[in-house]
Amino acid sequence: MSELRITVNSVDHILDVPESRTLAEVLRYDLGLTGTKIGCEEAECGICTVHVNGTPVNSCIFPAFKAQGARVLTIEGLAQGEQLHPLQEAFIEHGAVQCGFCTAGLIMTGAALIDENPDPDDHDIKVALKDTYCRCTGYVSVISAIKSAAAVQRGEAKLPVNEPVVSEPMRSVSRNEKVQDSIERVTGKAKYSDDFTFPGMAFARTLRSRYPHARILNIDTSKAEALPGVIAVLTHKDVPGENLHGLVYRDWPVLCADKVRYMGDSVAIVAAETQDIAAQALELIEVEYEPIQVVGDPVFAHSLEAPILHEGREGGNLLKHIKVRHGDIAQGFADADVIVEHTYHTATTDHAFLEPECAIGVPAGYDDDHQKLTVYVGSQIPYQDRNQIALALDIPEESVRVKGVLIGGGFGGKEDIAGQIHVSMLATVTGRPVKMLYTRQESLLAHPKRHATVIRIKTGAKSDGTLTAVEAELYGDGGAYASLSDKVMTRATTHATGPYEVPHAKIDCFAMYTNNPPSGAFRGFGVTQSAFAVEGNMDLLAEALDLDPVELRRRNALRVGSTTATGQLLRESVGLVETLDLVEKDMDRSSDFQWAWRDGDIAYGWGIACAYKNTGLGGGAPDRSDAEVEAFEDGTIEVRTSSADMGQGLATVLAQCAAEELGLPFKQVRVLLSDTDKTPNGGPTTASRQTYMSGNAVRLAAANLREMLSKVVAEEIDCPPETLRFEEGLVRHNGSNVRFGEAVRLAQTQGLSTRILQEYYGPKTQPLGTGGDMHFAFSYATQAALVAVDTLTGEVKVLKILSAADVGRAINPLQTQGQIEGGIVMALGNCLTEAFIMENGVPWSTLLARYKMPSIKHTPQITSHLVEHRTADGPFGAKGVGELPSINTTPAICNAIYNAVGVRVFRLPVDQDALYRAMRADQPELHTAWQDVK
Amino acid sequence: MSQLWQTYHLPSTVEEAVDLLTNFAGGARIIAGGTDLMIDLRFGGGHATFDALVDVTRVAEMIQITPNDGWCVVGAAATHTAVVGNRDLEHGATCLVESCGVVGGPQVRNVGTLGGNVAHALPAADGTTSLVALDAEADVAWGDGRREWLPIASLFRGPGISAVDSSRDVLVAFRFRLSGEREGSAFKRIMRPQGVALPVLGCAVWVRLDESRQRYEDARVCLSPVAATPVRADAVEAELRGQPVGEASLSAAVAAAYATLHPRTSKYRATGEYREHMMETLLRRALPLAAERARTGVASAEGVGMG
């Protein structure tokens, strides 16, 4: 019985496929229906959901032959021809589509729900989608989209979209334009790395280390090479160029030669005819190791007893010592009437973007479209991928093309090299396209994480609440390789006074090498960690001084004219106080407001916390983004830059900036991103910088184009160029109009290029320690959290989050709100559910089942205000937003827990077990977390 | 994904399923929903692969839920969704519906089966806990051709170890008496939001009141995990029988739990101390609820889908 008869999307199939296939594999790889995504192969994430005989199932663990004779419906079968299903339309309208990778799963699960229950409420939706994950949206828009679609399916009007209020909307900017490719994303047509195949393509896998720390004595690949179907087995000896990569320091072996430093280290790579054979080959590679003592935590790493990971490295395991010195710390504490000092611990966390890493290498000369070595990958930094590939292969950068494809979530986790160099090597050696798809489990093992930190912080204030000093010592677990530790821990350090004016500060941060997975960029970039400590101490100060927590923050809040602890004078765009005012207003602090109350066994509490986050690289690093705008005779333009849209909506933002400058209807703007042969370098998509940096580059390119076209048209109709107006796709002058496309044609006739390349440099910044402007902009936010703690179980539920965020200008308000909602729910995971656990360098969190991120059932009611204190040099006044909301959610929740039950959490994630025991024992402090339950 | 099995079979009778297992002589094993099995095959270590999987979800008697004369037979391959949606079970085996309703999410409940839950033999399995409190029996078709009804508790040999060998035997069905006049049941559990989706502690209770409806006539309580296998809390039950419903008997039952049951600490799940206290919390939630259902004769499942 190897004949599988199934009906998929009303088409009957008789398939001759191996009986060991899963339904997801048959759909994706045998039928080419790649709209169904595979996120975990553990029945955890639900994004592979399809309907079998009308019932939603996880196709990743559903044996294909279990569906023998069944009807299967996938995302591709949901629309009726061109007519989208109401859910597909509603997801687009409500902003429920970000990266799009989980969208099919959400829609298919939602479709089954509204078929069965035509009028679902929030509870029904949470029950139905409980195990269908989305890492981008925070689910708020998903819930409203499903309700609206249900209404449409009932024959009623659709529900209004929760559009944020913004000031001074322009023609395109500050309008809720729709995400480019959104129809493709809701219909399953959008293509991510693993959705691409090429004739003759081979499949690659990586052999990972068996130990967290060991010498490699010998590698024998002969048995693997002899396995039929194996095409190539490569080790360190086969790295043609430099056997190192890395974004800041090049210390990470492409393939380990003499030593392994963490369990995710790559020792050998295999290309084979099938995934199965590649996996089998890994088991046949014989590696002889000599284990070395494991450096399991950063404090031990700093001790004299710890073995040095990178032998011969100056500084040993100390990756970086970062210092902030401001004023006179002794004087600061002498001035204080109250001093609080505590130690806070944060956990290692994983991005858990729903698309595991995947790269495809196509060899040079493969066909007309691939004259040079081409790598298809969803990357946050395509040009740096290209650079790192070229150095490892010892070929010129120009002979490599990195072709970005849609990214199924990034959050900082797709900045470092994953399979890009490996597939380049294998494609070159085999002369065939080679795909390397990480399993979810491999993704968890291999890629850089958020730094675990230990933060001792001492805060002093006068009796009126005025802060006098902050002294802090931070240890960051940098893991085995540098990745972005230097920068991330610098940000943790420079932000360790919080968004407050502190006259005296002394902060030391030690970023350490350990045998844990490398730590790198993760939304919040170190500030998520330090804010937990800063804002905890703020509430403790308020309590010690008997001051209101909001008032204490308002008294010390950064304002225009304040100086930060790094010596930067803030001259504009500081909306922190307004965010405090808005959140306080939403808390409805009338006379009967209470920070905490009880109802039976449930304790309720409000907590508040503030945040700030830099926009851009800063610290004296030249920040540059290049973009190109090309105009065509048909009246359309194309915007090009290598900057990543990983779901945050950059493509839409760039299109809006260009449309605004040129007075074009939004639909006449296309955006091409991340192709190193076709798009100029937009720089890394990190540090909440792309709206500002690439937004400016595009805006200026478009403005230059407009100026050029103005001259042409002015000459043609004989008027001064400055009297022309670019509006609605026309160039207007006193009632006479020239179509934009006509203007382009005129320019081209005159031999002028209508393709404008713009280099944009962000305002100059200064290195840490030199005073002056370390960053060109900061965004500010306040959040209040309302929690309910079950005093009989210790369970914590976040009921409400009130948020206000100063983003300068919301170029796309709905998308900006989506960033805030998604950031809040992601941060709620940081606070309550997530910890990547290592046991002396050996990960315990090897499965997604062991790494729980927030599901829709955790989604609180979120009220979000956008505050817009324009920043002069940002595009239309905009500054960064991506990371901001993931900074103050955790401390707001922990402050709320304290107010509710009188127990302060010093270690994340909050452990209900320990919280319950602390409440019972009247212990006001909690220093253990879930990972300490042993 | 490497080939975890070679062939896939869809027998339509129990006999056919047993024959297939016999013919493969240990090289085949039963698959029902596969929601646990697939994960075990992939990630369980040991690189177990099978010659064949024998899918029992098309064996009619194994997917039916048949109430008859105050009893109910539930096929082992009935899905959690089927159990949850069954009105006879909601009224007559409320704890089972409540426990099946908090397993996984809808996609898993739509596929995962009650028999799979039992066959997995985890001491904290939700459905299992309720079946123990319902004093259920299991219908087993042994590989040697015998077929018999056995007390459910006798199937468990240790954590994850079942008397039913899925490469030889078939777990066919369960049966138990449906709650009648003056009888009621309830299930409550504690989860944590981190880590593996196994309960910190589960609690199923079944009670019968006397004619006055003020006193427990009989009670069955299963708290899990408190031992290597799911077990009845005899001492807790003893404090209830013959006693008036109310705080006094509840306190006595709780005291008996503290005195006789000593749940252990399990890594990254719960401390023993927390579990001990949760026994009290759960007993105080489940017992009055079951008693109220018995008193009023009205029972609608709580918490379904919010596991």
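Note on naming: letters A, B, ... go to the chains in the order of the sequence lines (proteins, then strands), and numbering restarts at 1 for each one.
- Taking both residues in full, the closest heavy atoms of A:L792 and B:T281 are given as O-OG1, 2.9 Å, listed atom of the first, atom of the second, then distance.
- Between chain A and the options B:D55, B:V200, B:V304, B:I190, the largest number of non-hydrogen pairs under 4.5 Å is found for B:D55.
- Contacts between A:Q912 and chain B at a heavy-atom distance below 4.5 Å involve backbone atoms as well as side-chain atoms.
- Judged by distance alone, the side chain of B:Q194 and the main-chain N or O of A:V910 form a donor-acceptor pair under 3.5 Å.
- Minimum heavy-atom separation, A:I837 to B:Y268: CG2-OH, 3.3 Å.
- Interface remark: A:A849 contributes backbone atoms only to the contact with chain B (heavy atom separation under 4.5 Å).
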**Request:** Starting from the C-alpha separation in whole Å, work towards a yes-or-no answer on side chain to side chain contact (heavy atoms under 4.5 Å, CB included) for B:M306 and A:H123.
**Result:** CA-CA 9 Å; B:M306 289 309 279; A:H123 175 80; 3.5 Å; yes

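- Using a 4.5 Å cut-off between heavy atoms, A:L832 contacts chain B through its backbone alone, with no side-chain atom that close.
- The residue among B:R58, B:R192, B:K267, B:M38 with the most heavy atom pairs within less than 4.5 Å of chain A is B:R192.
- With respect to chain A, the highest number of heavy-atom pairs below 4.5 Å among B:G195, B:G34, B:G307, B:A52 belongs to B:G195.
- Under the 30°/60° scheme for interplanar angles, the aromatic rings of A:Y916 and B:H277 are found to be tilted.
- Using a 4.5 Å cut-off between heavy atoms, A:P56 contacts chain B through both its backbone and its side chain.
- Rounding to the nearest 0.5 angstrom, the gap separating the OH atom in B:Y8 from the CZ atom in A:R21 is 15.5 Å.
- At a 4.5 Å heavy-atom cutoff, B:R275 makes no contact with chain A through either its backbone or its side chain.
- Minimum interatomic distance between A:D276 and B:Q3 (heavy atoms only, all atoms of both residues): OD2-CG, 3.3 Å.
- Within the 4.5 angstrom heavy-atom criterion, only side-chain atoms of A:D790, from C-beta onward, approach chain B.
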Would B:E273 and A:R920 satisfy salt bridge (charged side-chain N to carboxylate O under 4.0 Å, His left out), going step by step from the backbone distance to the final call? CA-CA 11 Å; B:E273 187 190 341; A:R920 237 187 120 78; 5.8 Å; no

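- For chain A, the nearby part of B:T57 is the side chain; its heavy atoms alone come within less than 4.5 Å.
- Here the shortest heavy-atom pairing between B:P106 and A:A128 reads CG-O, 3.1 Å.
- Neither the backbone nor the side chain of A:S845 comes within less than 4.5 Å of any heavy atom in chain B.
- Only the side chain of A:K857 comes within contact range of chain B, with at least one heavy atom under 4.5 Å from a heavy atom of that chain.
- In this structure, the portions of B:T271 lying under 4.5 Å from any heavy atom of chain A include both its backbone and its side chain.
- For B:I31, the part sitting under 4.5 Å from any heavy atom of chain A is the side chain, from C-beta outward, and nothing else.
- For the set A:I277, A:T274, A:D911, the count of heavy-atom pairs under 4.5 angstrom toward chain B peaks at A:D911.
- When heavy atoms are compared at a cutoff of 4.5 Å, B:R284 does not approach chain A at all.
- For the pair B:R42 and A:Q441, the minimum side-chain heavy-atom distance is 4.5 Å or more.
- Taking all atoms of both residues into account, the shortest heavy-atom contact from A:R917 to B:Y274 is CD-N, 4.3 Å.
- For A:V796, no part sits under 4.5 Å from any heavy atom of chain B, backbone or side chain.
- Contact of B:V111 with chain A is made through the side chain alone, with heavy-atom distances under 4.5 Å.
- More than 12 heavy atoms of other residues, nucleotides or ligands lie within 6.0 Å of CD in B:E15, so this atom counts as buried by the packing criterion.
- Nearest heavy atoms, A:S20 versus B:W5: CB-O, 3.1 Å.
- Neither the backbone nor the side chain of A:L848 comes within contact range of chain B; no heavy atoms are under 4.5 Å apart.
- A:H51 NE2 to B:Q107 CD: the interatomic distance, rounded to the nearest 0.5 Å, is 9.0 Å.
- Only the side chain of A:T49 comes within less than 4.5 Å of a heavy atom of chain B; its backbone N, CA, C and O stay farther away.
- In terms of non-hydrogen atom pairs under 4.5 Å with chain B, the most contact-rich of A:K130, A:K66, A:K852, A:E834 is A:K66.
- Ranked by heavy-atom pairs under 4.5 Å with chain B, the list A:V933, A:V127, A:D913, A:T793 is led by A:D913.
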